[in-house]
Structures are given as C-alpha cells and as structure tokens.
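Worksheet: the structure to be examined is printed underneath.
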Amino acid sequence: MLHFWWLIFPLGGMIGGGVRAVTAANERRAERRLERFRIKQQTKIAVAEASGRGKVDQAAARREIGKVLQRHDLTDARWLDYEVDVAKLLDFPLMTDMRESLTAAFHRARGHADLLRPASADDLVGDRDAQVEYRDAVNDYVTAFDIAESEAIRRRRSDFSTEAQERLERAQRLLRVAADAAATPDERRSAYSKAQRELDGLVVLPAVTRASIERRIAGQLEA
C-alpha cells in the first residue's frame with residue numbers, strides 16, 4: 001500500500017472535482033427551481049392584475065352604459081310629456097308634423113336609439129363597438145329632440161292660418177271638457193267628438209296620444 005501513496009494526490013483531485021461538480025449541479029438545480037417559482041409567482045400576479053383590470057373595465061363600462069340609458073330615459077320622458085298632454089301638443093304642433101325635416105329627423109333618431117337600446121347595461125359589457133353605437137345613437141336622439149323642440153317652441157302655431165289657429169283653440173277647450181269629471185257623460189262624449197272634427201286635417205295626433213285620450217274618456221263615461 002505504501003507503494004501507491006502517490007495515488008492519493010490525483011485521486012484526491014478527482015474526488016474534489018467530483019464534489020465540486022455535484023455541488024455546482026445542485027446549485028444549478030436550486031437556481032432553476034427558484035427561477036420556476038419566480039416565474040409562477042409573476043404569472044399569478046399578472047393574472048391577478050389582468051383580472052383586476054378586467055373587473056375595473058367592466059365596472060366602468062356599466063357606469064358609462066348606465067349614464068347613456070339614463071339620458072335615453074330622460075329624453076323619452078320629455079317626449080312623453082307631449083304624448084300624454086294633448087293641450088301641450090296642440091300648443092306646439094310641429095312636434096308631430098312629419099312633413100317638417102327637423103321633426104322627421106327627431107323621430108328617426110328616436111326609433112334608431114330604441115332599436116339599439118339594451119335590456120340592461122350587462123348586455124353591452126364586453127362589446128365596445130355596440131357600446132359606442134348605442135351611445136352615439138342616444139346622442140343623436142337627444143340632439144335631434146332638442147333641435148326639433150326649440151323650433152316647435154319658436155314657431156308654435158305661426159304656420160297655421162288664423163282660422164286654423166282658432167280651430168286648434170276650440171279643440172283644446174273641447175278636450176278639457178271631455179276630460180272634466182264634473183261634466184255630464186253626454187257633454188264629455190259630445191266634446192270629444194267635436195274636438196276630433198276640429199283637429200281633422202290640421203294635426204295628426206300620435207297613436208299613443210289618441211289612445212290615452214280615448215282611454216280616459218271611456219273610463220269617465222263608464223264611471
């Protein structure tokens with residue numbers, strides 16, 4: 001054995017090299033595990049951030065659509081004031097005169113906005129193109145209504161002859177009698193019939209307006 005003492009040095013070097021190689025390999029494996037862990041954590045964070053942004057974006061979209069729906073409702077309510085108040089409608093007959101370009105534009109815009117209106121804000125969340133299309137349609141509707149109403153208020157009954165204006169006045173008075181609970185059934189029935197004759201050829205009342213008047217008259221006559 002003593003004759004082979006010189007082998008201790010090369011064998012020692014080989015063993016030391018092997019230990020260092022194993023140590024280095026272990027360190028690389030540890031670094032790879034650490035890197036994989038770091039990547040997983042970064043991925044989780046990115047997914048969480050993206051999910052958070054998505055929730056924020058959806059909430060913002062709902063708020064935006066909600067505001068558009070509110071503008072739509074408010075403009076509908078303004079138009080409903082004319083449909084259910086025939087006296088107001090006869091004061092500003094241009095609002096139902098489809099021969100007027102501004103009036104026709106308003107009613108087209110209203111129909112287009114109604115066509116695109118969602119049942120709820122959630123129906124448009126995630127569809128940016130549909131959101132923009134509906135928002136623009138409501139903007140057009142509001143603008144067209146404002147313009148048509150301003151012109152109707154400016155002109156009032158000025159487009160009608162003196163005789164036609166007198167007929168409108170009589171029709172308003174008769175409709176008030178027809179809706180007056182203090183009047184007798186015969187008076188209400190007669191007043192409504194005469195009012196229709198006065199309006200014939202002058203103003204075409206919207207179907208909703210006619211139905212509202214006739215419903216009130218019928219209810220009062222039955223009572």
Side-chain angles (χ1 to χ4, degrees), residues 67-117 133-221:
K67 290 178 181 177
V68 177
L69 285 167
Q70 187 176 36
R71 291 190 74 203
H72 196 158
D73 288 340
L74 289 173
T75 309
D76 280 348
R78 291 171 63 190
W79 168 237
L80 185 62
D81 282 344
Y82 287 93
E83 286 190 312
V84 300
D85 187 348
V86 70
K88 182 176 181 179
L89 193 58
L90 294 180
D91 276 333
F92 310 106
L94 194 67
M95 291 299 288
T96 58
D97 190 347
M98 299 301 288
R99 295 169 299 180
E100 290 291 333
S101 60
L102 295 179
T103 303
F106 146 58
H107 285 283
R108 283 197 303 271
R110 181 170 68 93
H112 185 54
D114 287 345
L115 182 66
L116 296 177
R117 182 185 180 118
E133 186 178 18
Y134 176 55
R135 181 198 64 197
D136 291 347
V138 171
N139 286 340
D140 291 343
Y141 173 30
V142 174
T143 300
F145 182 89
D146 287 342
I147 293 172
E149 184 179 47
S150 295
E151 184 66 5
I153 291 172
R154 184 184 71 83
R155 288 163 58 176
R156 293 181 68 90
R157 299 175 181 171
S158 61
D159 293 342
F160 292 87
S161 66
T162 301
E163 180 187 355
Q165 291 186 40
E166 290 173 352
R167 287 174 60 189
L168 290 173
E169 289 283 356
R170 286 195 296 271
Q172 281 184 317
R173 290 195 297 271
L174 288 165
L175 288 171
R176 291 191 185 99
V177 172
D180 186 358
T184 67
D186 286 341
E187 287 173 337
R188 292 197 292 273
R189 188 182 298 109
S190 175
Y192 183 53
S193 178
K194 290 177 180 178
Q196 288 178 306
R197 288 197 295 272
E198 293 289 359
L199 293 175
D200 187 34
L202 290 182
V203 174
V204 178
L205 297 178
V208 173
T209 307
R210 294 197 304 272
S212 177
I213 296 170
E214 292 167 4
R215 191 163 49 248
R216 290 200 303 270
I217 296 299
Q220 289 167 349
L221 291 179

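Quick caveat: nothing in here was measured; it's all calculated off a predicted structure. Side chains are part of it too, since the values below use all heavy atoms of this structure and drop only hydrogens, waters and symmetry mates.
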Tell me, do [X] and [Y] make a side-chain contact under 4.5 Å, heavy atoms counted?
{"X": "E149", "Y": "I153", "value": "yes"}
{"X": "W79", "Y": "H107", "value": "yes"}
{"X": "D85", "Y": "T209", "value": "no"}

If you take all heavy atoms of [X] and [Y], which pair is closest and at what distance?
{"X": "F106", "Y": "A148", "result": "CB-CB, 3.9 Å"}
{"X": "A191", "Y": "A178", "result": "CB-N, 3.9 Å"}
{"X": "P206", "Y": "E83", "result": "CB-OE2, 4.4 Å"}
{"X": "A171", "Y": "A195", "result": "O-CB, 4.0 Å"}

Rounded to the nearest 0.5 Å, what separates atom [atom1] in [X] from atom [atom2] in [Y]?
{"X": "D136", "Y": "H112", "atom1": "CG", "atom2": "NE2", "value": "8.5 Å"}
{"X": "L74", "Y": "L69", "atom1": "CG", "atom2": "CG", "value": "11.0 Å"}
{"X": "R71", "Y": "D76", "atom1": "CZ", "atom2": "CG", "value": "12.5 Å"}
{"X": "L174", "Y": "Q196", "atom1": "CG", "atom2": "CD", "value": "10.5 Å"}
{"X": "F145", "Y": "L102", "atom1": "CZ", "atom2": "CG", "value": "13.0 Å"}
{"X": "E169", "Y": "F160", "atom1": "CD", "atom2": "CZ", "value": "12.0 Å"}

When you look at V204 and L199, which way does the side-chain contact (heavy atoms from CB on, under 4.5 Å) test go after all the steps? CA-CA 8 Å; V204 178; L199 293 175; over 6 Å; no
Side-chain donor/acceptor of [X] to backbone N/O of [Y], under 3.5 Å:
{"X": "R167", "Y": "D200", "answer": "yes"}
{"X": "S193", "Y": "R189", "answer": "no"}
{"X": "T143", "Y": "N139", "answer": "yes"}

Given side-chain contact (heavy atoms from CB on, under 4.5 Å), test T75 with V138 step by step and report yes or no. CA-CA 9 Å; T75 309; V138 171; 5.8 Å; no
Would you be so kind as to tabulate the donor-acceptor pairs closer than 3.5 Å made by side chains of residues 88-96, with sequence neighbours excluded?
unit_1	atom_1	unit_2	atom_2	d
D91	OD1	R157	NH2	3.2
D91	OD1	Q172	NE2	3.3
T96	OG1	P93	O	3.3

Before giving the answer on side-chain contact (heavy atoms from CB on, under 4.5 Å), spell out for E100 and D159 the whole-Å C-alpha distance, their side-chain angles and the decisive distance to 0.1 Å. CA-CA 11 Å; E100 290 291 333; D159 293 342; 4.2 Å; yes
Partners meeting side chain to side chain donor-acceptor pair (under 3.5 Å) with E166 (sequence neighbours left out): none
Where does the angle between the aromatic ring planes of Y134 and H72 fall among parallel (under 30°), tilted (30 to 60°) and perpendicular (over 60°)? tilted
